[in-house]
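I have placed the structure first, in the form of structure tokens, so that the comments after it can refer back to it.
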Amino acid sequence: MVSERTGRNTIQLALALLLLSWQGGCRPAEPEPDPPAEPTVIADPVGSDAEISKPDKLDDAAVSDEQVQIPPPVDVPIQPAPQPPPKPEPVDPTKLDRPLYPLSVAATPTGTLYVADHHLPGIWQVEDGRMSLFFLGEKKFRTPLNAIRCVAIDGEGRVLAGDSATGDVYRFDQQGQPESMTGRDRPLGVITLPYSIAIDGRGDLLVTDQGEGDQRIARIPAEGGTVELVAEVFTPRGLDVDSEQNVWVISQRRLLRLSPDGDRETIVDDGVFEFPHAVVVRDDGVAFVSDGYARTIWKIEPGQSPQAWVRDEPLKNPVGMALWQDRLVVADPHARALFAIDWDGNVSPVELQPAGD
Amino acid sequence: MVHSTKDRSSGKIGWGWAGLLGVGICWSLIDHLTAKAAEQPLPSGIRLTDVTDRSGITFRHTDGGSGQYYIMESVVAGLALFDYDGDGLIDIYFLNGAPLPGTVVDTPPRNALYRNNGDGTFTDVTERAGVGDPGYGLGVTVADYNNNGYQDLYLNNFGRNVLYRNNGDGTFTDVTDEAGVGCGELVGAGASFLDIDNNGLLDLYVANYVDFTYDRHIERTIGKHRFHPGPRDYPPMPDNLFRNNGDGTFTDISRESGIAAVAGAGMGIVCFDFDEDGFTDVFVCNDHGANFLFHNDGQGGFQEVGLIAGVAYDFYGNENGSMGADCGDYENNGRLDLFATNYSAEMPVLYRNLGGGAFEDATRRANAGASAFPHVTWGTGFVDFANRGLRDLFIACGHFMDKIEFIDDRTMVDVPNILLKNLGNGRFQDVSDRSGDGLAVVASTRGAAFDDLDNDGRIDVVLLNTNAPPTVLRNESPGDHHWLQIRLRGTTSNRDGVGARVRVVADDLAHVAEVHSGRGYQSHYGTRLHFGLGHRQHVDRIEVRWPGGPTEAFTAGPADRHVVLTEGQGAAKND
């Protein structure tokens, strides 16, 4: 290599000079890297109106001055930046016939559904297929539920919602207004990125927090208040609590089960799920996992390998999931739909009547 | 006497021959030893290993050309490194070209998102994530513009630009029209999110190249050979600045801000607070024109001060064909210096920050890029590859003229990239030939991006190569040097902490870095700040000057950690 050779010659020269110095000859100069050659100005041959100055070696047979065809520069005045196209009209929620981006769904024991709509932003209430606005958040960033991620129902049937815009979990009062569950006195940092909410046997809230530096399952007392660490979990997403108070949680592309005494078991390891979101555990211990990238609902029977229970159409990106009157209900933001799945794996869309009708 | 004289004479002659013989032996010995040394050059302490083949990445860039030599084929694209799914692993987003008139393809090219699997491999999730924009990609930047905790993606294309909002479920939604940041049918370049008025909302700077349309295409011929037209063949374009309205929409304030008062053939940009007045400024590389430095007055106004600040031209007063830029504190003096790559037969320029808003061209004194002189240089970054507490320089090289040898035989389309080691005395040394096989890769690189792909504390490299597969270089530098990586979380400032300045103090070492969105050659990387600490195992103090806010002190603790610093909490957390 040229550089090696150059280096070799330099070292040779330096050592020779050192030898001469030792013999009483001249003192070697302090090594100084060669300065770069004076830049030879070569006009950009395609970008300049100046003459093209040839480099030292040029294929004269290939190029001659007569052959250089460069049109004169175009003298065009500076163009002003174009005006942007008109922005689309804002969405009127009362005219929507389906959610804009349903990320999460929760069901009350009586069958009412609540749907977190990330792009609205807000929460839909669905009763007997009739869709109505339960809460409409503001478009303004960092306001409550501007980036709603998840909904849940507590033991008293109240609606809970997690919001990454404010990093908080809210419970709705009887007037339908959100109240912070953490009583936070800081703009952000109690629950950084709430991804999913479940209720444990004591009625407390278990929340997966995806925030960088905060990846964990956190507990919020049923009455609200101080947030406690339950377990540190890598990239936690959906979670559920089974009848034996085990906590099932998605951790990146794994499914974990945490026992009440803190034991941690990997139920499904890497290599199965593509982008799992929610987990729902039936009373008989059968777990279901929604997988957005795989367009699949996985079924995991106790002691068995996961099976792709429902796959592809009509699912486009299943994310949210809940038990709903002896079946599953799935929120699919890319299909902009809710799907009901019976225990035989039959999928049917949840018929929605437009809001405002 | 005679005998004696003869003896002395004989002795002189004998001594002379012996001396010559000795010199000869010494020379042979030196030759032998130096030959050995040349075979095994002194290691630089940096080792970048080409791991592309085992990365699982199958992306291949195309410029979309069909032999028409449109101008955008000559500049092409950057790439982005960011964590799109919040799993703490840095993912890769490659821009791609699109078929230009005359090009027929079976499968249209598109951009590509590769998810980091955490085991050295990556999976193409483009379709599933919904970010396969088929436009002609030129520049890209990343930031959480809506402060919801998930990083969003902005593409600066030839043609309609795209804003992808991160849905937080592994997918993105194109919200360009709603946001009003499409920019029409311009030839784009770099882009950056920055908070121009420190109100906690990230605004958007979009550089534009030249006013090209197909009907204004110019055919350039030298000899028998076609070449691309250059930036002076078209009028320059002013750039765009969009104010974030905080509700998902933006307002174009290019004119009222003063950004559109000047026009240049914009390329790579980097936004940083060059004069430390607390407001983020904008440096724009211009191709064959004076570079721009827009000084932010903090009131929504910008004034172009490149000439006054000393970054418009090089030492000789030449306006260069500037391509990409990064800023970093190479002297550990607390000031952010600027490095700009340039066209061939131009030196890249190291603009040393003198303080007080002034820079000097210190390229020659610092030996920062003599070896790059023959080449067109593009992506670049100030990166501490060996965690020594000194920021080295990476320079991506490669020409775009496929027949460049007919007019300049000193360079080629595909050439190796260059690594300059920071010697810690204000000078750099080219160590490209002794820093691992990653520097032997021959390609025509454009975008270069740097981050810790395997979370081992060493910064890796991803390169976008024109009309070729990309290159992934794993940093396997030896040694037991220590490090700290910092992710900021703004609470009243923007969520990513873009524009925040961080100072890390460890024993006798103190150095600074800023969070940038968009840098290098039309690329994005480094949202998570990296600090090499050398032998220091403990960080004494971290100071964060949030955009517009006071400086907040954090107690750090041991080195070799990823930490998250949340505005207002004043305590570092393990990531």
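This is a predicted model, so every value here is computed, not measured. The chains referred to below are lettered A, B, ... by the order of the sequence lines, with proteins before strands, and numbering in each begins at 1.
When heavy atoms are compared at a cutoff of 4.5 Å, B/Thr173 approaches chain A solely by way of its side chain, counted from C-beta outward. Contacts of A/Asn317 with chain B are made by side-chain atoms alone, with heavy-atom separations under 4.5 Å and no backbone atom involved. Of the atoms belonging to B/Phe315, not a single heavy atom falls under 4.5 Å from chain A. There is no contact between B/Asp430 and chain A, counting heavy-atom distances below 4.5 Å. Both the backbone and the side chain of A/Glu274 come within contact range of chain B, with heavy atoms under 4.5 Å apart. For chain B, no part of A/Pro236 is nearby; none of its heavy atoms comes within less than 4.5 Å. Looking at B/Ile71, there are no atoms closer than 4.5 Å to chain A (heavy atoms on both sides), in backbone or side chain. Of the two parts of B/Asp144, neither the backbone nor the side chain holds a non-hydrogen atom closer than 4.5 Å to a non-hydrogen atom of chain A. With a 4.5 angstrom heavy-atom cutoff, B/Ile259 does not touch chain A via any of its atoms. Using a 4.5 Å cut-off between heavy atoms, A/Tyr293 contacts chain B through both its backbone and its side chain. Neither the backbone nor the side chain of A/Arg295 comes within contact range of chain B; no heavy atoms are under 4.5 Å apart.
A salt bridge between B/Lys403 and B/Asp408 is absent, with no side-chain N of the basic residue lying under 4.0 Å from a carboxylate O of the acidic one. We find that A/Asp163 and A/Arg149 are not joined by a salt bridge, their nearest charged nitrogen and carboxylate oxygen being 4.0 Å or further apart.
Of the candidates A/Val207, A/Thr208, A/Thr235, A/Thr208 is the only one forming a side chain to side chain contact (heavy atoms under 4.5 Å, CB included) with A/Tyr195.
At a cut-off of 3.5 Å, with distance as the only test, a side-chain donor of A/Tyr101 or B/Asn167 sits close to an acceptor on the other residue. Between B/Asn147 and B/Asn494, the side chains place no donor N or O within less than 3.5 Å of an acceptor N or O (distance only, hydrogens not considered). Between B/Tyr150 and A/Gln210, the side chains place a donor N or O and an acceptor N or O closer than 3.5 Å (distance only, hydrogens not considered).
Taking chain B as the reference chain and counting heavy-atom pairs below 4.5 Å, the highest number among A/Leu193, A/Thr143, A/Leu103 is found for A/Leu193. Counting heavy-atom pairs under 4.5 Å between each of B/Asn146, B/Asp169, B/Asp247 and chain A puts B/Asp169 at the top. Options A/Lys316, A/Glu138, A/Lys140 differ in how many heavy-atom pairs under 4.5 Å they form with chain B, and the most are formed by A/Lys140.
Between B/Tyr234 and B/Ile218, some side-chain heavy-atom pair lies under the 4.5 Å cut-off. A heavy-atom distance below 4.5 Å is found between the side chains of B/Ile404 and B/Thr411. Between A/Arg254 and A/Asp270 there is a side-chain heavy-atom pair separated by less than 4.5 Å.
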